[in-house]
Amino acid sequence: MMSSVLKANPIHDVDIQLTSAEAWDRVRRRLRAELGEDVFSSWFGRLELVEISGSMVFLSVPTRFLKSWIQSHYIDRLRALLVEEFKDVSDLSLSVRGALGKPAQRPSVAHTTEQTQTERSFPERNKVDTIALAEGKPASENDALTGAPLDRRLTFTNFLVGKSNALANAAAEHIVQNTAGEAPLYNPLYVHAGVGLGKTHLLHAIAHETTAQGRRVIYLTADRFMYGFVSALKAQTALNFKERLRGIDLLVIDDVQFLQGKSIQQEFCHTLNALIDSGRQIVIAADRPPTDLESLDERVKSRLAGGLVVEMGPLDEGLRVKIIEARIASARQHQPGFEVSPSVISYVAKTIVSNGRDLDGAVNRLLAHSTLTGGTMTVESAEIAIRDLVRTREPRKVKIEDIQKLVATHFNVSRADILSSRRSASVVKPRQIAMYLAKVLTLRSLPEIGRRFGGRDHTTVLHAVRKIEGAVNADVMLKDDVELLKRMLQD
Ligand code: ADP
Ligand code: MG
């Protein structure tokens with residue numbers, strides 16, 4: 001740890017380096033004292049300081065899961081401690097480090113992991129200009145409100161419509177066509193869908209189109225909103241930040257499930273209210289419906305749910321075919337020899353059922369395969385080319401009841417015990433494991449899981465999930481047990 005701090009820190013003065021190592025040590029000690037050894041070692045044991053650059057502290061963790069957990073549960077606390085312990089620091093960036101212990105890419109606040117994946121699938125994809133609110137201002141002053149970069153490919157033209165996304169698409173087009181300055185009909189428009197089902201694509205399409213109409217648009221991820229707000233507070237330009245946010249025509253916020261922190265939520269709520277009241281459009285995307293945003297307070301949730309809430313479902317087979325064909329057509333612009341027969345397309349569409357991102361990955365593999373071998377692609381060769389993606393396709397739908405039965409049998413208790421209020425250790429542990437499995441294997445929300453476990457509170461479920469997450473890290477036997485149960489439920 002020390003050595004990575006010393007090496008990576010661009011500041012060369014040894015005293016300052018030691019000071020940062022000490023400050024980092026203090027942050028860790030304070031976290032441990034606040035959270036207790038268990039929680040600390042589960043979530044922060046593998047958190048590492050990468051470097052300090054300007055007012056940013058760059059941290060890394062080994063998995064995406066840890067990153068999103070810290071992001072959704074502890075980011076405010078972590079930021080506050082860093083700001084207190086490090087001189088001149090105002091924010092942090094958390095990234096997932098690669099196998100070599102280095103961050104997979106230079107961490108950047110504006111990029112979500114998702115965007116990074118998209119970049120990987122389409123390395124030639126161009127990033128266009130960011131939507132800056134106040135043009136001509138120096139970058140530093142403008143930083144807080146510079147939207148995340150818009151991806152040029154994510155347009156309405158490229159957004160293919162099927163049953164699952166027709167309503168969301170129609171709502172998006174309605175918003176874009178409302179140029180007459182009338183009060184928006186659907187405000188906010190709240191789109192939710194699982195990963196890779198086109199939320200970001202649709203949001204970018206809206207932002208592109210409205211920008212082209214000369215309207216003032218800001219596209220932000222929730223991370224970026226928080227960052228903007230916190231750094232504006234630091235720089236004592238919060239008022240400015242608010243005024244500028246409120247001076248726009250359209251605010252687009254992606255991945256709002258990551259919004260955290262009391263004061264930030266309050267600010268977010270004020271911003272929503274101010275924009276909605278003055279007839280400006282807001283578009284939000286998240287991976288779940290407003291009622292399931294566990295970390296948000298009720299007022300924010302109800303405001304988010306107060307407009308039009310639309311879900312985008314899984315891509316049906318016809319839509320998958322259309323997306324694959326479109327991807328092949330665009331790849332052919334660079335690789336004219338890239339031929340894929342209808343039977344191969346149909347095979348891929350039937351096999352890759354998960355999401356648009358995996359479809360992108362499949363076409364990239366077909367392309368690589370055909371470039372390398374030069375031969376015609378058969379269903380057999382396609383099967384080999386996309387084999388690794390097939391394994392990661394969406395797991396079978398698991399029922400909470402099945403989880404309860406299997407876990408009960410496995411631990412030699414009854415399902416009634418699991419649902420009961422008995423607190424003996426022999427029942428508590430299986431119950432917590434079952435709740436944990438319900439959270440990771442189904443799409444049910446915490447309150448819903450609580451209800452299905454004998455009417456428990458969602459915080460009890462959350463506690464169980466954390467507990468088991470922590471315990472499997474520390475206990476190899478338990479980890480194997482849980483893995484085994486997962487496999488049995490999914491096969
Ligand atoms: P999300 O934000 O919901 O996780 P994205 O918008 O990043 O998903 O979509 C993942 C990939 O799938 C992107 O490359 C996107 O262009 C593609 N995709 C998803 N839905 C569609 C669609 N309806 N038409 C065309 N491409 C789509
Ligand atoms: Mg997205």
Side-chain angles (χ1 to χ4, degrees), residues 64 67-68 71-72 110-128 147-173 189-209 219-225 252-259 283-289 309-331 345 348-349 352-365 367 389 392-394 443:
R64 285 175 59 178
K67 177 182 163 180
S68 73
Q71 203 116 37
S72 57
H111 285 210
T112 64
T113 350
E114 290 178 18
Q115 284 168 319
T116 314
Q117 289 234 326
T118 317
E119 278 162 26
R120 222 172 287 137
S121 330
F122 281 104
E124 79 278 23
R125 186 171 275 202
N126 288 321
K127 286 278 187 292
V128 288
L150 280 190
D151 188 321
R152 186 161 65 190
R153 293 181 178 227
L154 303 180
T155 59
F156 275 111
T157 320
N158 293 339
F159 190 78
L160 300 164
V161 183
K163 246 208 285 209
S164 57
N165 57 18
L167 189 57
N169 182 65
E173 294 208 313
L189 169 64
Y190 183 106
V191 179
H192 66 99
V195 81
L197 297 181
K199 301 181 293 295
T200 297
H201 190 144
L202 197 59
L203 260 47
H204 280 226
I206 295 173
H208 277 305
E209 194 67 32
Y219 168 87
L220 294 167
T221 58
D223 284 355
R224 189 84 192 171
F225 178 88
V252 183
I253 300 206
D254 203 352
D255 288 325
V256 81
Q257 72 272 7
F258 290 130
L259 201 71
V283 180
I284 306 275
D287 67 353
R288 63 201 83 173
V309 176
V310 201
E311 179 173 9
M312 293 200 286
L315 311 166
D316 60 55
E317 194 179 324
L319 188 51
R320 297 200 296 272
V321 168
K322 283 204 264 176
I323 293 178
I324 296 166
E325 285 173 345
R327 293 290 184 266
I328 292 171
S330 86
I345 292 177
V348 175
I352 307 289
V353 296
S354 44
N355 62 49
R357 194 160 301 149
D358 287 347
L359 292 177
D360 288 349
V363 174
N364 280 335
R365 280 168 183 68
L367 181 61
L389 284 173
T392 64
R393 79 183 154 190
E394 215 119 70
L443 290 172

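All figures in this text were calculated on a predicted structure; none of them were measured in a lab. Indexing begins at 1, ligand by ligand and atom by atom, following the structure's order.
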State the atoms of ligand 1, each with its element, that fall below the 4.0 Å cut-off from a heavy-atom position in Asn158. 24 (N), 25 (C)

Just jot down the ligand 1 atoms closer than 4.0 angstrom to any heavy atom of Phe159, in number order. 22 (C), 23 (N), 24 (N)

State whether the shortest distance between N or O atoms of Leu160 and N or O atoms of ligand 1 falls below 3.5 angstrom. yes

Check Leu359 against ligand 1 and report side chain, backbone, both or neither, counting heavy atoms closer than 4.0 Å. neither

With sequence neighbours excluded, tell me which residues meet salt bridge (Lys or Arg N to Asp or Glu O under 4.0 Å) with Glu311. none

Please examine the side chains of Leu359 and Leu315, heavy atoms only from C-beta on, and report whether any two atoms are closer than 4.5 Å. yes

How long is the straight-line distance from CG of Leu154 back to CG of Leu203, given to the nearest 0.5 Å? 10.0 Å

Output the distance between atom CG (Asp316) and atom CG (Leu319), rounded to the nearest 0.5 Å. 5.5 Å

Does ligand 1 have an atom that lies less than 4.0 angstrom from a heavy atom of Ala193? no

Near Gly194 (heavy-atom distance under 4.0 Å), the atoms of ligand 1 are 3 (O)

Which ligand 1 atoms are under 4.0 Å away from a heavy-atom of Arg327? 14 (O), 15 (C), 16 (O), 17 (C), 26 (N)

Verdict with supporting geometry, Ile352 and Arg320, side chain to side chain contact (heavy atoms under 4.5 Å, CB included): CA-CA 8 Å; Ile352 307 289; Arg320 297 200 296 272; 5.8 Å; no

So does Thr155 get a backbone contact from the side chain of His201, meaning a donor-acceptor N/O pair under 3.5 Å? yes

Please list, in number order, the atoms of ligand 1 under 4.0 Å from a heavy atom of His201. 6 (O), 15 (C), 16 (O), 26 (N), 27 (C)

Here the atoms of ligand 1 under 4.0 Å from any heavy atom belonging to Thr200 are 1 (P), 2 (O), 6 (O), 7 (O)

Does any N/O atom on Gly196 come nearer than 3.5 Å to any N/O atom on ligand 1? yes

Check ligand 1 against Leu154 and write out every atom of the ligand that is under 4.0 Å from a heavy-atom position of the residue. 16 (O)

Step by step, work out the salt bridge (charged side-chain N to carboxylate O under 4.0 Å, His left out) result for Asp254 and Lys199. CA-CA 8 Å; Asp254 203 352; Lys199 301 181 293 295; over 6 Å; no

For Asn169, check side chain to side chain contact (heavy atoms under 4.5 Å, CB included) against everything at least two apart and list the hits. Phe156, Phe159, Val161, Glu173, Leu202

The atoms of ligand 1 lying under 4.0 Å from a heavy atom of Gly198, numbered in the order shown, are 1 (P), 3 (O), 5 (P), 6 (O), 8 (O), 9 (O), 19 (C), 20 (N)

Any heavy atom of Leu197 under 4.0 Å from ligand 1? The part involved is backbone

Given that the side chain starts at C-beta and the backbone is N, CA, C, O, which of these parts of Asn165 lies under 4.0 Å from ligand 1, counting heavy atoms, or is it both or neither? side chain

If you round to the nearest 0.5 Å, how far is CZ of Phe258 from CG of Asp287? 7.0 Å

